[in-house]
Amino acid sequence: MPVERLSEITPADPMLDDTVLGPLSSADAAERLAAQVQRAIANGATALLAPERRRAFHGCGVLADVTADNPVHREELFGPVAVLYRAADEGHAVEIANDTPFGLGSYVYTDDLNQANRVANALDTGMVYINGVGQDAVELPFGGTKQSGVGRELGSLGIREFVNHQLIRTVTY
């Protein structure tokens, strides 16, 4: 039965078959995401969890076997579709993560704090969250690297984006 209003959406585990997720921003956005998934599969990816689309709703999906020559490897998927990569070791995992034109944020999960900090420092992203999701806060700067933005919003760094700084340099004789 299609969901007609947001009030009909109930929270559930997003990976369960009977989960109803909220809509994307538009039916066009869901269509673009579905096209990306199909293009990934056409270029050799495997759908471990094949998503279904209905108007602006797009189900959860998991793609594997996405190689560097697959167009989706260097695209952002704006919706509930994850790409699962296999890495030979920590260095290879960082190489895969950095092999993108984008760099907004990353997540590192490990019980080894030294490894977490080593990997976080090697990632080319504006933000790295260790062992948690939803760690954003208004007092923390928000921003990315590469094609994910220049500068930072929020926090003291964000305030500086709206201030005109003046340099005055005097040479005395």
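The structure displayed is predicted, hence computed values, not measured ones.
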task = Would you check, one step at a time, whether the test side chain to side chain contact (heavy atoms under 4.5 Å, CB included) holds for V119 with Y109?
result = CA-CA 10 Å; V119 170; Y109 288 89; over 6 Å; no
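- Note on L140 and V138: separate hydrophobic clusters, where clusters join Ile, Leu, Val, Met, Phe, Trp and Tyr whose side-chain heavy atoms are under 4.5 Å apart, directly or indirectly.
- Under the 4.5 Å side-chain heavy-atom criterion for ILVMFWY residues, no single connected hydrophobic cluster contains both V128 and I96.
- Shortest non-hydrogen contact noted between V108 and A116 is CG1-CA, 4.0 Å.
- Using a 4.5 Å heavy-atom threshold, the side chains of P101 and K146 count as separate.
- Side-chain heavy atoms closer than 4.5 Å link hydrophobic residues (I, L, V, M, F, W, Y) into clusters, and following such links, possibly through other members, connects I41 to V72.
- Between the side chain of T46 and the main chain of D65, no donor-acceptor pair closer than 3.5 Å is present.
- Between the side chain of D99 and the backbone N or O of E95 there is no donor-acceptor pair closer than 3.5 Å.
- Here the side chains of F102 and Q147 are in contact, with some heavy-atom distance below 4.5 Å.
- Side-chain contact check for T67 and D69: at least one donor-acceptor pair (N or O, by modelled atom type) lies under 3.5 Å.
- Both V81 and L24 sit in one connected hydrophobic cluster of ILVMFWY residues. Membership requires side-chain heavy atoms under 4.5 Å apart, directly or through other members.
- At a threshold of 4.5 Å between non-hydrogen side-chain atoms, the residues N117 and I130 count as touching.
- Closest approach of L33 to P80, counting heavy atoms only: CD2-CD, 4.0 Å.
- The closest donor-acceptor contact from the side chain of R32 to the backbone of L77 lies at 3.5 Å or more, if one exists at all.
- Rounded to the nearest 0.5 Å, atoms CG (N131) and OG1 (T110) are 7.0 Å apart.
- No hydrogens or angles considered: a donor-acceptor pair under 3.5 Å links the side chains of Y85 and H73.
- A 6.0 Å sphere centred on CD of E52 holds no more than 12 heavy atoms belonging to other residues, nucleotides or ligands.
- The two atoms that bring L48 and A64 nearest to each other are CD1-CB, 3.7 Å, heavy atoms only.
- A distance of 9.5 Å separates CG in L123 from OG1 in T145, rounded to the nearest 0.5 Å.
- Side-chain N or O atoms of Q36 include one that pairs as donor or acceptor with a backbone N or O of E76 at under 3.5 Å.
- Under the 3.5 Å distance criterion, the side-chain polar atoms of D124 are left unmatched by any main-chain donor or acceptor of N98.
- With rounding to the nearest 0.5 angstrom, the OG1 atom of T125 is 8.0 Å from the CG atom of L104.
- When all heavy atoms are compared, the tightest approach of E31 to R53 is N-NE, 3.3 Å.
- Taking CG of D136 as the reference point, atom CE of M127 lies at 6.5 Å (rounded to 0.5 Å).
- Not a single donor-acceptor pair under 3.5 Å links the side chain of R86 to the backbone N or O of A88.
- Pairing each heavy atom of R55 with each of A30, the nearest pair is O-CB, 3.4 Å.
- Taking every heavy atom of both residues into account, P51 and G59 meet most closely at CB-O, 3.2 Å.
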